[in-house]
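Numbered from 1 within each chain, the chains take letters A, B, ... in sequence-line order.
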Amino acid sequence: MANEVCFRTLHLPDPAALQTYRSIGGYETLRRIVTARMKPTEIIQQVKISGLRGRGGAGFPTGLKWSFMPRYFDGIKYLVCNTDEGEPGTFKDRDIIRYNPHQLIEGMAIAAYTMGARVGYNYIHGEIWEDYVTFERALEEARAVGFLGENLFGTDFSFDLHAHHGYGAYICGEETALIESIEGKKGQPRFKPPFPASFGLYGKPTNVNNTESYASIPWIMQHGGQAFQDLGVANSGGTKIFSVSGHVERPGNYEVGMGMPFPELLAMAGGMWRGRRLKAVIPGGPSTAVLPAEAIMGAAMDYDSLAQAGSSLGAGSVIVMDETTCMVQALKRLSYFFFEESCGQCTPCREGTGWLYRVIKRIVEGKGRMEDLDLLTDVSGNIAGRTICALGDAAATPVLSFIKHFRPEFEYYIQHGRSLVIGNK
Amino acid sequence: MINIEIDGKPIQVANGTTIIDAADRLGIPIPRFCYHKKLSVAANCRMCLVQVERFNKPLPACATPATDGMKIWTRSKAAVAAQQSVMEFLLINHPLDCPICDQGGECDLQDIAVAYGAPRARYSEEKRVVLNKNIGPLIATDMTRCIQCTRCVRFLKEIGGMMELGLVNRGEHAEITAYVDRSVESELSGNIIDLCPVGALTSKPFRYTARSWELVRRPSIAAHDGLGSHIEVQVKSGRVMRVLPREKESINECWLADRDRFAYEGLSGAERLTVPMIRRGDAWVETGWQEALEFAASRLLDTTQRHGGEALGVLVSPNSTMEEGHLARKIAQGLGCGNTDHRLRRSDFRLDGHFQGTPWMGCNIADLPKMDRVLVIGGNLRNEHPLLANRLRQAVRMNGAELSLLNPLDDDPLMRAAHKAICSPNDMVNVLSQVLKAMSGLQRLSLCLPPQYGRLLEGVRVRDNTLAMARSLAGLGQDYDLVSPRSAVFLGNIAQHHPRYAEIYSLAEAVAALCGATFGVLSEAANRVGMDLAGVLPGHGALNARSMLENPREAYLLVNIEPELDCHNARLAHQAMQAAGCVVALTAYRSEALQDADVLLPIAPYTETSGTLMSMEGRVQSFAAAVRPLGECRPGWKVLRVLGNLLGLEGFDHDSS
Amino acid sequence: MKMLSQESLAKIDRELAKYPADRRQSALMSALRIAQEEKGWLSGETIECVANYLGIPPIAALEVATFYNMYDLAPVGRHKITVCTNISCMLRGADEVVRHLQRRLGIGFNETTPDDRFTLKEGECMGCCGGAPLFHINNTRMCEWLTPDKVDEILEGLK
Ligand SMILES: Cc1cc2nc3c(=O)[nH]c(=O)nc-3n(C[C@H](O)[C@H](O)[C@H](O)COP(=O)(O)O)c2cc1C
Ligand code: SF4
Ligand code: FES
């Protein structure tokens with residue numbers, strides 16, 4: 001059974017429309033919570049029980065994060081939603097805002113009620129303009145019927161939600177860079193601490209969550225935390241949207257229970273493209289380690305299982321690569337990405353990502369040296385853990401894992417000046 | 001207070017102290033580039049990474065607040081590994097041509113690379129090249145050397161008050177620039193040269209003229225405003241090569257105004273007067289000192305003997321030293337003349353004789369950032385006292401201070417002014433009266449309004465903005481500390497030169513008195529307060545700087561001044577000098593303005609003489625000569641002493657300043 | 001504000017309404033986008049005029065304009081085509097699409113056809129990898145599941 005939570009309107013005609021969402025009980029949970037003046041602590045308790053962990057990649061327990069927001073604070077608190085997905089292979093949040101935007105709005109409203117936030121912003125990835133427009137329309141609908149704005153449901157609870165349009169910078173997915181960006185600045189991450197919960201948007205307490213995290217809330221509060229937890233497995237509660245891309249027959253988003261064995265997910269996606277053989281999978285987006293076929297085929301799609309397999313769930317961005325993939329060229333493209341997207345403020349990332357890319361490029365151009373492999377490993381190690389934000393680590397991960405698992409392929413490339421995989425010049 | 005331990009050394013620090021500050025207090029060196037104690041923390045260079053107990057990755061000491069019981073290692077294996085790797089990253093795209101870099105010898109990158117860098121160089125890809133920017137006549141750029149620490153950006157934004165530089169582009173292409181070839185205009189801009197840890201920003205005037213190790217460093221006092229900033233005059237073979245700030249937290253912190261930093265260029269300029277000169281008819285002839293001094297003395301004696309001492313007028317620049325002022329006055333007295341003054345730009349002297357003591361700043365410079373309400377009357381602080389403007393800026397920025405401006409000019413102070421009353425010069429007295437009236441109306445204060453102001457206030461109509469100002473100053477509805485309020489009322493140059501200074505002064509003083517604020521006059525020159533104390537003022541019933549020109553004298557003794565440029569009324573000054581039978585001018589420069597003098601005595605400017613200045617906060621600061629006087633120049637105090645002797649006057653036998 | 005049309009200013013005002021009154025800079029990204037939609041690209045004057053309208057230092061606006069990929073700091077053709085070549089698209093044949101485009105238009109990346117009709121750009125992940133290979137046109141229209149034929153079809157539609 002799939003698409004139960006964030007995609008629960010997907011099977012209906014016009015899934016994004018307000019009436020469609022209301023036809024499945026949309027906004028009733030919000031109404032109940034607000035009019036019954038439900039205690040924030042109770043809500044947070046349910047979210048904790050649900051086992052929901054941040055869907056943006058870090059996997060931080062959402063209930064716990066909410067409890068960090070200062071309860072009593074004179075002055076405005078903010079709520080921010082992170083729909084800036086730009087990590088290669090990630091395209092789930094886009095489908096939430098274009099197929100079920102109202103569930104996100106309801107989820108954010110509930111979160112706002114819980115944490116006493118007065119205003120919220122949804123930061124939407126720059127390239128998906130049409131979906132930004134869809135979401136803006138949904139906001140209009142919600143305001144029109146009084147699900148957003150002053151004194152919701154005749155109570156003293158007010159919540160305004162706005163969409164902020166990004167304009168092409170992967171780094172703005174990092175929560176503090178995203179906050180800077182909403183402030184109209186460059187997307188340069190802030191040093192943490194202080195964390196957004198104490199010093200966030202405009203210096204005010206701010207809670208940042210991923211789209212899928214917020215969008216799961218209405219379901220959780222409707223059916224109870226335990227029901228959500230039960231959709232998944234221990235330590236990985238609920239469902240997860242997996243964005244499957246690359247060499248599969250049916251690339252796309254699949255919302256399934258956590259802990260689904262990878263082979264099943266692969267089958268759901270129609271199996272391998274043109275019946276080719278599986279070579280490797282990046283299970284959670286390039287900032288998570290690549291896994292060779294045998295490793296991933298034995299793993300299940302949840303936090304612990306993938307950690308055991310030597311990678312992590314990340315944002316659930318499953319990039320499938322078949323036997324025709326040249327790992328050296330693939331790595332070159334990924335390294336270029338991190339080089340291109342580094343915000344440039346801190347030294348190891350600004351200088352290191354360029355260094356990594358240039359060395360790999362040289363190898364692909366047939367000018368590689370054997371010592372390059374150790375150099376790459378070493379430089380990656382020097383970036384990781386020494387930067388302001390985790391992009392540094394993200395940039396190191398593919399280099400380290402590609403070389404670790406496919407070293408012979410790299411050595412072949414260096415020795416022969418061409419790829420070991422036929423068809424790749 | 002919390003207890004932490006760095007490299008085994010225990011120390012107690014206040015909660016919230018960063019690791020780097022604690023280490024600095026312990027004298028434990030931690031390498032850094034982006035961190036600067038006066039700027040916001042960016043934590044972007046990563047050079048200060050240290051190992052902290054229970055953390056699996058190194059933390060930036062500049063941004064990590066110490067917590068109780070924290071154990072920190074700055075030279076452990078992990079710390080060193082981190083520091084070496086950051087250093088390697090910094091160098092891969094940095095030119096390695098220190099010998100031809102102007103920063104060579106005083107480059108943080110160079111020094112830290114030696115101390116913390118790794119021996120090997122493993123980078124063999126192409127290096128980054130960045131185009132240079134033209135950001136004005138003072139600062140040279142060599143942007144390929146930039147390490148993106150953003151100190152310059154943060155300085156101009158936070159201290160300068162205006163974001164003039166930025167870091168544009170992204171990632172490896174990030175580069176420092178001003179907006180499309182615009183130049184940096186801050187009157188504090190030179191400080192980014194000191195702040196730049198590499199050779200990316202260097203001084204244009206100084207560029208390639210000397211290596212830092214060739215320079216002899218002489219401490220001195222800045223002479224271009226009333227702060228008395230501490231400077232270091234750097235000298236090579238008897239010539240001033242550049243001027244840098246000397247750190248003095250209570251005055252100029254670690255900064256220096258561009259005027260004080262770059263003015264040294266004039267010291268070796270062609271317009272310097274280097275030999276004594278006597279005018280014969282229309283021609284100027286160079287002479288020896290003896291002849292020049294005897295000529296001067298005889299002419300002065302001659303005049304005073306024939307027309308009496310009152311026929312002489314003595315005008316002294318408020319930038320002169322105490323010694324010069326004191327001797328000039330003694331000469332005047334000796335010649336039976338009371339006409340001495342240094343308040344050249346003043347036009348209203350009605351307050352004379354009413355003072356006990358001398359008007360000064362009324363508080364210390366370092367008090368300003370702590371102020372919460374300040375009224376500045378008639379002044380443009382940014383060019384009168386750039387660093388004072390910065391202190392106020394910090395009060396507004398950090399302390400949320402409410403700044404009120406009462407000014408004839410609406411120039412941008414580059415800080416938020418809570419209340420403004422911009423009016424014509426003529427209207428200033430009226431507007432100020434409004435503030436006083438408004439304040440006397442605020443019930444909490446009404447009782448203590450000095451009666452004599454009642455009259456002045458009759459018929460004055462209070463406007464909204466002046467009312468707002470009064471409320472702000474009175475701290476109405478705010479829980480300010482009213483016992484020792486942190487508020488001040490200051491008079492700037494425009495007020496001091498105003499034709500109705502007397503009223504402005506009295507009204508402002510009353511306003512301050514009413515709301516318990518500090519009242520101060522921001523001296524217009526390096527030694528204005530000192531001149532008062534040295535008594536360079538009209539004797540009883542004698543003429544002041546203005547009347548000395550309105551009623552031309554037979555003879556004038558000018559110390560350090562160019563009458564047409566320095567006096568309140570250029571035309572009057574010119575006529576008076578023309579009419580005078582004898583004008584003796586002690587000056588460092590020859591200038592058009594001194595064409596009417598009869599004898600020019602070349603004296604040494606501040607870098608070539610010793611002396612004493614008294615700043616606007618009443619701080620007495622002596623300094624020694626940094627270089628020998630140029631050509632035949634002599635320190636002013638020596639010249640005046642010999643002149644006194646030649647005039648046969650008593651007590652001119654000092655032999656040091 | 002002679003530089004920007006009334007419509008554009010009205011749009012910017014609508015964005016300003018989303019943020020606290022004393023946080024006008026928050027509307028900067030949208031304002032630059034709106035200005036670019038009107039002018040076709042962001043010249044120095046345009047950026048400065050946006051900055052003035054928001055009351056922020058021009059350099060702050062320049063920082064933002066040069067940081068985000070989708071701003072054009074030089075003139076582009078009527079139709080700017082940005083192709084994603086990142087991993088997921090690469091695995092689905094983005095390079096074939098690129099080769100086809102370059103052959104059809106006779107230009108490389110960051111070049112514009114002589115008739116100013118098309119500009120070609122290489123893009124980073126657009127968060128639509130399910131529809132790979134793909135490109136978007138003028139920062140707004142997303143075209144997915146591309147094949148050489150489909151590309152031709154789309155180009156036909158762009159006058
Ligand atoms: C380089 C980088 C990129 C990121 N990109 C995203 C993103 O596109 N979407 C997202 O939700 N979180 C992203 N994150 C994680 C966010 O910083 C943040 O942890 C997350 O939005 C919190 O929401 P969650 O707890 O619901 O996951 C990124 C982090 C880094 C370091
Ligand atoms: S790690 Fe990279 S992206 Fe993150 S702050 Fe540093 S330079 Fe910017
Ligand atoms: S000094 Fe700490 S990061 Fe630069």
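Interface check for chain C: of the options B:Met162, B:Lys157, B:Arg182, the most heavy-atom pairs under 4.5 Å are formed by B:Arg182.
The environment of CG in C:Asp22 is crowded: more than 12 heavy-atom neighbours from other residues, nucleotides or ligands sit within 6.0 Å.
Here the closest non-hydrogen pair linking B:Asn169 and C:Phe67 is O-CD1, 4.2 Å. Nearest heavy atoms, C:Tyr68 versus B:Arg170: CA-NH1, 4.3 Å. Nearest heavy-atom pair across B:Thr177 and C:Ile59 is O-CD1, 3.4 Å.
At a threshold of 4.5 Å between non-hydrogen side-chain atoms, the residues C:Thr66 and B:His173 do not count as touching. Within the 4.5 Å cutoff, the side chain of B:Leu167 has heavy atoms near those of the C:Glu63 side chain.
Neither the backbone nor the side chain of B:Ala174 comes within less than 4.5 Å of any heavy atom of chain C.
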Side chain to side chain contact (heavy atoms under 4.5 Å, CB included) assessment of B:Met163 paired with C:Ile56: CA-CA 9 Å; B:Met163 187 177 179; C:Ile56 61 172; over 6 Å; no
